[in-house]
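Since the model is a prediction, treat every value here as computed from it, not as a measurement. Values reported hereafter were calculated over all heavy atoms of this structure, with side chains retained and with hydrogens, waters and symmetry mates removed. Letters A, B, ... mirror the listed sequences (proteins, then strands); counts begin at 1.
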Amino acid sequence: MKHLDEFRDPALARALVERLKRVTTRPWTVMEVCGGQTHSIMRHGIDQVLPEGLTLLHGPGCPVCVTPLETIDRAVAIAMLPNVILTSFGDMLRVPGSNGSLLEARSRGADVRMVYSPLEALALAKENPDREVVFLAIGFETTAPGNAMALKAAADLGLANYSQLVSHVLVPPAMAAILDDEHVRVNAFLAAGHVCTVTGWRLYEPIAKKYGVPIVATGFEPVDILDGLVHAVELLEAGTPLVANRYARAVQPDGNPVAQAVVDQVYEVCDRKWRGIGTIPQSGLRLRAAFAAWDAEQKFDVGAITPQEPAECISGQVLQGRLKPADCPAFGTKCTPQTPLGATMVSSEGACAAWYRYGRKSAT
Amino acid sequence: MSDRPDFSGFTCPLPKLDHDTVQMAHGAGGRLSADLFERLILPRFTSPELEPRDDGALLDLPPGRVAFSTDTFVVTPLFFPGGDIGTLAVCGTVNDVAMMGGVPQALSMAFVLEEGLPLADFHRILCSMEATAKHAGVRVVTGDTKVVGRGQCDGIYINTSGIGVVPAGRDLGAHRIAAGDVVLVSGPAGDHGTAILTARAGLGVQTQLMSDCAPLNGLVEVLLASGADVKALRDPTRGGLAAVLNEYAVAARVGIRLDDGAVPVRDEVAGVCEMLGLDPLHMACEGRLVAIVAAGDADRALAALQGHEHGGGAARIGAVNDRHAGVVTMATALGVERVLDMPLGEQLPRIC
């Protein structure tokens with residue numbers, strides 16, 4: 001496939017592996033921020049061809065994984081209300097809450113529907129004026145513009161039966177939180193390419209400067225990731241903690257201003273709890289007060305939510321790079337994609353699911 | 001009612017009926033039921049076994065072991081590029097019988113119709129079943145129709161069962177698979193599943209992609225007639241190529257290694273799957289077969305497949321080994337081996 005095969009070219013990839021071996025003279029730890037990159041690393045076996053001493057840590061960039069349990073429990077509770085159609089993206093439906101997932105809620109009678117686009121939920125609201133259509137709006141900077149646009153359209157149309165349960169998160173504050181964590185040692189980041197298409201790469205310069213870590217905006221194909229790693233290691237070896245853009249075919253220095261503007265119009269920055277990690281200041285987005293009428297959290301009273309996280313799940317540690325999936329005693333035994341204890345085993349971007357799916361079934 | 005024209009012997013245009021849609025009474029066994037059978041169903045499937053209108057069929061079968069299979073078909077949308085639920089219902093069972101080495105002889109068909117289903121839709125589905133059964137050379141010999149209330153089923157569900165006769169000397173199955181055998185596929189992977197996915201409302205993707213839905217009994221006969229030592233045959237329907245190969249690896253206690261890039265996948269399928277975060281090897285096919293063949297016969301088998309109308313895109317995709325029993329792997333661009341896992345139930349698109 002054009003624009004894809006070039007970035008999976010075996011000769012190019014092998015040449016980059018050789019170059020990576022040549023430029024790596026000391027042990028380094030690099031975190032790939034995005035779960036999509038984690039899956040690509042596992043799928044193409046990049047972790048198995050790294051030079052000795054170069055360690056990859058999986059980052060928190062899996063939108064489904066970090067969505068707090070409270071949000072899932074609230075979504076399930078709202079879905080169980082009569083007259084509600086609860087909509088969300090595919091992956092989200094399978095994530096276990098305290099009382100099961102949204103798919104399980106559907107089997108108990110809730111009207112839960114998978115949508116491919118936030119505009120689809122909007123269309124459902126138009127088609128079903130007698131029903132309440134709730135869209136579970138989650139994800140990073142990547143999904144926020146589309147969700148903001150849908151909400152703005154609902155407001156413009158005066159669609160009173162549409163609302164959003166918002167649990168958006170932002171990447172840079174999470175990166176800073178990881179660097180502040182004394183248990184984690186990250187020397188450099190591969191920044192999530194698709195987030196950068198919205199935010200731009202200049203946004204990372206304050207982090208690179210403050211913590212002295214190189215940050216490389218990186219794509220998702222094997223050639224992209226290996227190229228990102230080569231540049232990250234070169235910056236580390238040279239002692240120059242700069243931000244580099246190695247996903248130039250998609251990422252501009254200042255990102256996509258139109259997308260940023262619509263997000264800013266609809267959402268505002270807030271403190272946000274991350275599943276398994278805890279509250280990170282100024283790391284989330286919530287609806288602005290002007291759009292309170294479309295805020296599902298305010299619209300539907302489902303009482304107090306008291307989530308119960310399975311005690312043995314270590315997904316929080318995995319998401320922060322403290323532990324690897326196979327460090328978990330439940331990994332591959334009690335916890336599998338069929339019987340997930342935590343979200344990291346569910347999502348197509350979750351690190352545990354990636355390890356399981358691509359056969360890293362024991363610690364390496 | 002004497003002024004009603006006689007439509008017996010009339011072919012494909014929708015016969016005139018008193019109703020445009022399925023009524024509860026169409027399943028109640030009275031005049032409307034008889035009307036539905038006589039005017040809509042029977043004209044499509046003339047066979048000596050069906051003609052007596054008995055509750056079952058008496059069959060004269062050639063000698064050999066009998067292969068018997070049943071399958072129920074539920075699909076949304078009912079009509080999709082390259083076929084419909086009727087095509088699927090005939091192909092699915094014909095193919096299951098053929099993969100057992102059976103030469104399909106007779107099919108049963110049972111319909112669950114939803115009250116309100118347009119009779120024109122039902123008729124169109126019956127015409128597809130007629131055409132597909134003719135193409136496969138198999139007779140429909142018995143059937144049944146039930147009607148359920150509106151909202152109690154999704155338009156129409158179809159069950160078909162099929163009987164085939166396995167000529168003496170044929171022995172196909174996982175028990176014959178051994179290290180060294182070669183894995184062939186009869187065409188590009190994932191066409192049906194991807195065509196259905198893109199035909200569903202909401203995705204907003206337009207492709208030229210058609211379902212690969214086709215009866216494969218002819219292809220099986222050509223393959224077996226080539227003289228190649230074919231060990232096992234399977235059609236990779238739900239779960240796709242990955243599911244079939246994993247099942248073989250477990251059942252035969254062997255490893256299977258695919259060469260990355262060797263599995264034929266159409267650009268449209270690769271593109272849609274890439275966008276949604278799905279794996280083409282997990283997507284259903286309805287007109288493909290996987291053949292495990294003795295290594296020395298691979299070229300002969302491949303040539304036989306490629307010479308048939310339903311096997312033009314056949315390819316050699318990998319080999320059986322004794323290194324990692326129960327596991328299917330593929331070589332990546334980096335030369336590393338990765339596990340090709342069993343798909344996990346429902347395919348859910350990723351978020352971003």
*asked:* Is it the case that over 12 heavy atoms from other parts of the model lie below 6.0 angstrom from the CZ atom of A:R249?
replied: yes
*Choice from B:L334, B:T332, B:D267, B:V265 maximising heavy atom contacts with chain A below 4.5 Å*: B:L334
_Within a 6.0 Å radius of atom CD on B:Q152, are there more than 12 heavy atoms belonging to other residues, nucleotides or ligands?_
yes
*If you tally heavy-atom pairs under 4.5 Å against chain B, which of A:H39, A:R8, A:M42 wins?*
A:R8
_Donor-acceptor contact present, side-chain B:R338 to main-chain A:R43, <3.5 Å_ = yes
_Can you tell me which of A:G35, A:S347, A:P337 forms the most heavy-atom pairs within a distance under 4.5 Å of chain B?_
A:P337
*Atom CG of B:D20 with >12 non-hydrogen neighbours under 6.0 angstrom*: no
_I'd like to know whether CD of A:Q338 has more than 12 heavy-atom contacts from other residues, nucleotides or ligands below 6.0 angstrom._
yes
*For A:I46, is it the side chain, the backbone, both or neither that has a heavy atom under 4.5 Å from a heavy atom of chain B?*
both
_To the nearest 0.5 Å, what is the distance between CE on A:M114 and CZ on B:R200?_
8.0 Å
*What's the spacing between B:M275 CE and A:Y116 OH if we round to 0.5 Å?*
9.5 Å
